[in-house]
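Any value given below was found using the heavy atoms of this structure, including those in side chains, with hydrogens, waters and symmetry copies removed.
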Amino acid sequence: KNYNAISPIMGTGALDVMISAAITAFILICLFMIIKYRLPGFVAVFALTLQVACQLLALSVPQFTLTLPGIAAVILSIGMGVDANIITAERIREEIADGKSVRAAIGSGFHKAFSSVFDGNITVIIVAVILMIFGSGTMLSFGYSLLTGVILNFLCGVLTSKLMIKSLSCYDKLRKPNLYGNVKKTEKVVKFYQNRVKCYIVSLAIFALGIVCIFTNGINFDIQFKGGAIINYKYTQEIDTNKAATVAEDTLGRKCDVQTKSDLTSDSRKLVLNLAGKEGLASADQDKLTNALKEAFPENNMKLSDVSVVEPFIGKDFAIDSTKAIIFSAILIILYVWFSFRKVSGLSAGVTGLIALLHDVLIVFFAFVVFNIPINDSFIAAALTILGFSINDTIVIYDRIRENKLLYGNKMPIEEIVNKSISQSFTRSLNTNICTLLSIVVVYIFACIQDIQSIKSFALPMIFGIISGCYSTICIAGPIWV
């Protein structure tokens with residue numbers, strides 16, 4: 001029998017960076033929630049801690065491999081957990097500002113927030129289940145991680161938080177309105193619908209920039225999509241994989257990812273070089289690379305072991321699976337939104353929600369193109385994360401439009417209802433995206449400090465995707481629905 005160990009493709013320091021970044025981001029999010037929402041924020045911190053602990057336990061039970069998309073799903077789940085608590089906290093503040101007692105405001109706040117949290121979670125569950133049915137590898141990891149996160153979000157972010165806040169409010173000292181944040185009643189309605197053309201122009205300008213960059217920079221596909229060559233070198237002692245990648249790229253002029261591999265029975269070590277490209281590696285280039293590595297690592301006794309050509313296996317199979325997943329997810333989301341919002345033009349709500357999703361995925365894609373980031377698992381992770389986060393964000397706006405439509409009926413024009421609904425949900429959308437953006441920015445900063453390219457190539461497009469998700473929810477989805 002052969003027993004091999006291979007180093008992580010994200011880099012040996014990637015795990016430490018992700019853990020350090022996650023702890024830092026979590027602390028910052030907790031501080032933000034407590035400062036902004038006070039007592040509900042404190043409860044949210046406890047609920048989030050419980051959710052993360054249970055999700056890590058759920059991921060360890062079936063022994064799923066935690067891939068980069070899987071980590072992305074955990075980040076998305078935390079963002080949705082923050083979102084559920086922010087929605088209820090904002091609703092409680094509104095009810096107190098309307099003159100209700102704290103106990104009554106808590107009950108009414110959770111009741112009014114339930115539908116938006118429920119609908120948002122159902123749409124994300126649809127995506128997660130479809131990914132698990134049609135996907136394998138990265139898609140399966142993302143789908144399972146997301147499904148467990150959404151279920152735990154509902155249990156912790158809604159049920160546990162509700163039980164805790166209601167219990168705490170039984171004490172007289174914890175029924176003071178100022179413990180539930182700023183409860184001043186402010187009703188400023190922004191004319192989002194009337195300014196929709198300006199928003200469309202901004203989006204078209206960004207798309208135009210992305211298209212120009214496609215023609216100037218091209219689309220940089222990684223080895224999983226366009227194939228290439230894998231070269232194995234035997235070596236001794238410790239070796240710097242980052243330096244080896246730099247030597248290979250400078251020598252061959254091709255993108256290179258480097259891993260180390262060890263045979264646990266014979267104690268032999270191999271350096272694995274993954275070269276992206278449509279062709280293999282000519283004999284002359286092999287000799288040139290071997291000489292360059294021997295010169296760079298004279299003490300490691302570098303010896304060429306074997307060279308193999310890689311077919312673009314993900315390019316075809318993954319494209320087919322992704323297409324099926326996207327089509328079925330789109331159909332089911334439209335059907336569910338159509339049913340859930342049937343009293344207020346549900347079919348158009350589903351279609352316009354998908355338009356907003358397409359907008360956000362294109363922004364993520366153009367971020368990869370503009371910054372010349374290779375299209376690989378990082379793109380899959382970022383795109384899937386933004387899909388889940390954006391549809392959840394959009395559903396909250398639609399839920400508020402539905403509520404106001406039923407409240408005002410024909411007494412208020414639909415344009416004004418949309419403006420009012422978006423304005424009422426603006427603070428919630430902004431605060432949720434600040435928390436999620438904060439976590440990704442921290443991850444990116446840590447990755448830059450440690451110079452871990454695999455994490456940087458995931459976090460940077462995610463930053464643009466989160467900003468786009470907030471923008472499309474507020475400025476695109478609602479106005480288009482009208």
Side-chain angles (χ1 to χ4, degrees), residues 68-69 72-73 75-76 79 127 138-139 142 196-226 255 276 312 314-315 318-319 322-323 325-327 329-330 351-394 429 433-434 436-437 439-441 443-445 447-448 453-477 479-480:
L68 183 60
I75 295 173
L76 172 58
V127 175
T138 57
M139 288 176 62
F142 182 90
R196 66 192 185 283
V197 176
K198 297 178 183 178
C199 298
Y200 300 160
I201 292 174
V202 171
S203 295
L204 291 174
I206 295 174
F207 291 162
L209 174 64
I211 293 171
V212 169
C213 289
I214 289 177
F215 287 102
T216 55
N217 297 344
I219 302 175
N220 185 10
F221 289 101
D222 209 344
I223 187 171
Q224 297 101 325
F225 284 91
K226 64 181 181 181
K255 172 67 178 174
I314 287 185
F318 183 80
S322 297
T323 302
I326 290 172
I327 292 174
S329 296
V351 173
T352 52
L354 287 176
I355 293 174
L357 289 182
L358 178 62
H359 172 278
D360 299 333
V361 173
L362 284 175
I363 293 294
V364 172
F365 172 71
F366 287 140
F368 274 83
V369 173
V370 170
F371 293 98
N372 200 29
I373 301 173
I375 301 293
N376 53 17
D377 285 359
S378 297
F379 172 74
I380 299 167
L384 291 175
T385 306
I386 296 304
L387 276 175
F389 193 77
S390 182
I391 188 61
N392 180 69
D393 219 15
T394 302
S429 295
N433 282 277
I434 286 174
T436 309
L437 186 63
S439 63
I440 299 299
V441 169
V443 169
Y444 182 71
I445 291 173
C448 288
Q453 186 60 41
S454 56
I455 298 180
K456 288 195 293 184
S457 63
F458 162 72
L460 184 60
M462 273 287 293
I463 291 173
F464 288 96
I466 290 170
I467 296 173
S468 173
C470 183
Y471 166 79
S472 68
T473 296
I474 295 172
C475 301
I476 304 293
I480 287 182

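- The two residues Cys475 and Tyr200 have their closest heavy-atom pair at O-CE2, 4.4 Å.
- In this structure Leu362 satisfies the side chain to side chain contact (heavy atoms under 4.5 Å, CB included) test together with Phe207, Leu358, Phe366, sequence neighbours excluded.
- Qualifying side chain to side chain contact (heavy atoms under 4.5 Å, CB included) partners for Leu354, counting only residues two or more places apart in sequence or in other chains: Ala330, Ile334, Leu357.
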Worked check of side-chain contact (heavy atoms from CB on, under 4.5 Å) between Tyr444 and Met462:
CA-CA 10 Å; Tyr444 182 71; Met462 273 287 293; over 6 Å; no
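- Taking CD1 of Ile363 as the reference point, atom OG of Ser472 lies at 9.0 Å (rounded to 0.5 Å).
- Atom CD1 of Ile391 is separated from atom OG1 of Thr473 by 8.5 Å, given to the nearest 0.5 angstrom.
- Nearest heavy atoms, Ala459 versus Ile440: O-CG2, 3.4 Å.
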Check the pair Tyr471, Val202 against side-chain contact (heavy atoms from CB on, under 4.5 Å), reporting the backbone distance first and the verdict last.
CA-CA 11 Å; Tyr471 166 79; Val202 171; 3.7 Å; yes
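- Listed here is the closest heavy atom pair of Pro461 and Ile373: CG-CD1, 3.8 Å.
- Taking CD1 of Ile476 as the reference point, atom OG of Ser390 lies at 10.5 Å (rounded to 0.5 Å).
- A distance of 11.0 Å separates CG of Leu204 from SG of Cys199, quoted to the nearest 0.5 Å.
- Thr394 contributes atom OG1, which lies 10.0 Å from atom CD1 of Ile474 (distance to the nearest 0.5 angstrom).
- When all heavy atoms are compared, the tightest approach of His359 to Ser203 is NE2-OG, 3.0 Å.
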Using the side-chain contact (heavy atoms from CB on, under 4.5 Å) rule, take Asp393 and Asn433 through it: C-alpha gap first, then chi angles, then the decisive distance, then the call.
CA-CA 9 Å; Asp393 219 15; Asn433 282 277; 3.3 Å; yes
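- Here side chain to side chain donor-acceptor pair (under 3.5 Å) pairs that include residues 204-218, with residues two or more places apart or in two chains, number zero.
- Residue Cys213 holds its SG atom at 9.5 Å from CG of Asn372, rounded to the nearest 0.5 Å.
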